[in-house]
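To keep things clear, I will list the structure first and then write my remarks on it.
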Amino acid sequence: MKASGGCWAVVAVLLLFPVLGRAAEGVLSVTGEVKTPLKLSLTDLKAMPTAKVTVKDPDGSTATYDGVALCEILKRAGVPQRESLHKDALQLCVLVKAADGYKVVFSLAELDPSFSDRQVLLAFRRNGAELDAKTGPFRVVVPGEKKHGRWIRQVTESEVVRVNGGAK
Ligand SMILES: Nc1nc2c(c(=O)[nH]1)N[C@H]1C(S)=C(S)[C@@H](COP(=O)(O)O)O[C@H]1N2
Ligand SMILES: [Mo]
């Protein structure tokens with residue numbers, strides 16, 4: 001009785017393995033005020049133009065991250081960039097959301113290559129290894145930022161939102 005219960009547990013795990021495997025791969029959704037909403041898997045992101053940054057981790061150690069610049073992802077979603085990122089488009093922000101409900105905001109301007117050389121990355125590798133479950137599969141890395149509050153771990157979604165408080 002006990003043995004056959006164990007057997008069924010093994011069979012169940014084996015049957016579920018492809019499903020669990022897919023869930024673990026993770027997907028980034030790009031939503032909100034975009035021309036083209038996106039769902040990007042780790043495989044999709046690896047096929048995009050990637051970038052590398054060497055930065056100080058929250059614990060003070062130096063690490064090299066590989067990922068895709070947030071502006072590349074936003075470009076693919078069709079948000080205003082460079083010459084088009086002016087006037088009312090400067091009210092646009094990206095609200096980045098994580099699996100644990102944590103959320104942080106970046107303005108599109110601070111991510112745009114015509115405003116800043118700083119490459120804010122959606123990272124998927126640290127020192128050559130894929131990110132662990134507590135951090136990955138995707139983490140935002142913000143070079144040169146003194147505090148690490150916006151280094152959001154376990155990113156699931158980037159929602160483009162317009163901040164238009166008390167508009168005339
Ligand atoms: N998903 C998620 N990301 C997060 C947080 C969080 O609570 N949830 N905390 C942030 C804060 S306030 C800091 S200081 C850093 C800490 O990074 P660490 O957890 O890798 O040490 O993660 C940031 N990223
Ligand atoms: Mo923090």
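For ligands, and for the atoms within them, numbers begin at 1 and follow the listed sequence.
- Under 4.0 Å from any atom of ligand 1, one finds heavy atoms of residues Pro58, Ala98, Asp100, Tyr102, Lys134, Arg139, His148, Gly149, Trp151, Ile152, Arg153.
- Remark: Lys46 NZ is packed, more than 12 non-hydrogen atoms of other residues, nucleotides or ligands lying under 6.0 Å away.
- Inspection of the Thr62 and Lys56 side chains reveals no N or O donor paired with an N or O acceptor under 3.5 Å.
- For Asp117, the CG atom counts as loosely surrounded, since its 6.0 Å shell holds 12 or fewer non-hydrogen atoms of other residues, nucleotides or ligands.
- Only one option out of Val53, Leu70, Val120, Val55 pairs with Val142 in a side-chain contact (heavy atoms from CB on, under 4.5 Å); it is Val120.
- Partners of Asp112 according to the salt bridge (charged side-chain N to carboxylate O under 4.0 Å, His left out) rule, which considers only residues two or more places apart in sequence or in another chain, do not exist here.
- Closest approach of Gly78 to Lys35, counting heavy atoms only: O-CG, 3.7 Å.
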